[in-house]
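Below: the structure, in structure tokens.
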Protein chains: 2
Amino acid sequence: MPEFTTLEYENLNSAVYGALCDALIQGRFQPGDRLKIRDLAEQFGTSVTPIRDAILRLANDEAIIFRSPRDIRIPGLSESRYREIRSIRVRLEGLAAETAAQVATSADIEALERILRENEQAIEAGDRLKGTQLNQAFHFILPQIAGLPVLNGILRRLWLQMGPHISDAYIQGGRAMIDHHYPVVEALKRHDSAAASMAIVDDILLGGKPILERIERGEERQTRRA
Amino acid sequence: MPEFTTLEYENLNSAVYGALCDALIQGRFQPGDRLKIRDLAEQFGTSVTPIRDAILRLANDEAIIFRSPRDIRIPGLSESRYREIRSIRVRLEGLAAETAAQVATSADIEALERILRENEQAIEAGDRLKGTQLNQAFHFILPQIAGLPVLNGILRRLWLQMGPHISDAYIQGGRAMIDHHYPVVEALKRHDSAAASMAIVDDILLGGKPILERIERGEERQTRRA
DNA sequence: ACGTCAAAAAAGATGCATCAAGTATCCTAC
DNA sequence: GTAGGATACTTGATGCATCTTTTTTGACGT
């Protein structure tokens with residue numbers, strides 16, 4: 001269960017922000033979707049103020065954009081931007097994997113293997129949502145094992161931007177999403193930093209291939225109206 | 001002149017956010033300093049609303065923290081956190097330097113050399129503020145040359161967190177702040193990616209040494225009252 | 001002096017009214 | 001039937017009142 005709020009105490013603002021982050025990461029928004037503060041306020045049963053706060057934070061994360069002062073939307077993702085995000089992930093998740101390999105305990109390994117088992121089951125059951133969630137859980141747990149909270153926050157933000165663009169695509173890769181995870185765990189067991197780094201890089205590049213191909217095909221509806 | 005606002009149109013919120021970001025990066029806040037929304041509203045001559053918006057964005061960047069629901073402060077920087085930020089910078093600025101080396105034009109090189117010349121002058125003149133500003137400009141221009149806007153945003157956020165902790169320390173390093181910049185430019189001229197990456201890593205590790213030593217010495221006043 | 005506790009003041013959270021600017025709708029004129 | 005324009009509506013920005021909780025302060029007793 002990833003922790004998304006950076007504010008340590010609870011308020012409506014953080015609750016809304018967390019809920020919208022979850023929705024974004026789970027792909028429940030499509031590129032081009034428009035967000036309206038008053039509508040969201042009604043959905044959440046609050047006034048507009050906490051919604052505005054959350055929307056502003058999301059805009060600061062570049063997870064949503066203000067196309068004009070009154071037009072808040074889920075942004076598109078150009079091919080070059082996706083490639084940049086992928087390059088950044090390669091560097092940062094590589095660092096996380098290296099560090100994790102050095103410090104991973106047997107409890108950490110068990111947690112990873114549990115995620116893999118659940119992911120297997122989700123794929124067999126055809127549960128796409130759970131499949132992508134567990135895939136994300138795998139990626140987020142590495143910086144946690146490594147004890148790198150700043151890195152974790154950066155990756156979280158990148159995932160907010162990718163979320164609306166990976167929901168459908170991942171499935172087309174079938175088991176490719178999970179196959180590359182096993183070598184990572186094997187490397188962590190051996191405390192082999194170099195192998196762990198290479199394995200996670202493989203996962204990012206190969207496992208993410210369907211997403212890139214989808215963006216290249218231009219199946220994005222970036223400027224779709226509502 | 002780095003562009004800090006992610007909202008493309010102008011409003012009070014972004015103006016306040018930008019001003020506070022500048023203040024943070026320039027070290028005009030000290031760790032432990034307390035921020036009060038009403039006070040800032042008076043200083044900026046606005047109501048509390050745009051200030052709250054900006055404060056919330058800054059908190060989302062982890063540039064400021066809510067120690068309690070009514071206590072907004074500049075956070076401290078533990079040694080482990082600084083080391084983590086440094087590791088991330090090594091990876092990301094390494095990537096920026098590699099990419100920049102491949103695509104840098106002669107105009108880009110000239111811009112870099114202009115910054116170096118101005119930085120020399122600022123150091124000679126003993127202008128600390130301008131010195132640190134130009135040092136930052138050097139680091140921010142590399143991802144711009146490389147055409148990596150996402151990377152740029154991540155580094156900007158990291159700098160927001162480091163800002164309050166580097167103001168004094170850098171000076172103690174004397175010319176060390178700038179000496180390591182020359183090999184970077186030389187590598188870019190030769191379009192030598194590997195050398196550029198190594199040079200910028202040297203700068204981060206060696207140039208940042210005074211900061212780490214200061215944090216290790218515990219000269220931080222993280223919980224200082226006002 | 002120091003710690004404790006209570007009252008007073010401060011401060012952020014939340015809700016809401018209003019404003020300005022942009023959008024949609026509908027009516028009219030040709 | 002269509003084009004143009006005026007009107008009504010939508011929507012985020014801003015300001016502000018109020019509420020609750022925290023923080024500060026100061027008096028009191030030890």
Distance, rounded to the nearest Å, where [X] contributes [atom1] and [N] contributes [atom2]:
X: A/Tyr17; N: C/dA13; atom1: OH; atom2: C1'; value: 19 Å
X: A/Glu42; N: D/dG12; atom1: CD; atom2: C1'; value: 17 Å
X: B/Leu40; N: C/dG12; atom1: CG; atom2: C1'; value: 13 Å
X: B/Asp53; N: D/dA13; atom1: CG; atom2: P; value: 8 Å
X: A/Asn13; N: C/dT14; atom1: CG; atom2: P; value: 7 Å
X: A/Arg52; N: C/dT18; atom1: CZ; atom2: C1'; value: 14 Å
X: A/Leu56; N: D/dA13; atom1: CG; atom2: C1'; value: 10 Å

Show me the protein contacts with nucleotides 15-17 of chain C, counting only N or O atoms at under 3.5 Å.
residue : atom : partner : partner atom : Å
C/dG15  : OP2  : A/Ser47 : N            : 2.9
C/dG15  : OP2  : A/Ser47 : OG           : 2.9
C/dG15  : O5'  : A/Ser47 : OG           : 3.4
C/dG15  : N7   : A/Thr49 : OG1          : 2.4
C/dC16  : N4   : A/Thr49 : OG1          : 3.2

Are [X] and [Y] close enough for a salt bridge, meaning some N to O gap below 4.0 Å?
X: A/Asp71; Y: A/Arg34; answer: yes
X: A/Glu42; Y: A/Lys36; answer: no
X: B/Asp53; Y: A/Arg52; answer: yes

Can you pull every protein N or O that's under 3.5 Å from an N or O on nucleotides 8-11 of chain D?
residue : atom : partner : partner atom : Å
D/dT11  : OP1  : A/Lys36 : NZ           : 2.2
D/dT11  : O2   : A/Arg70 : NH1          : 3.3

Are more than 12 heavy atoms from other residues, nucleotides or ligands located less than 6.0 Å from atom CD of A/Glu79? yes
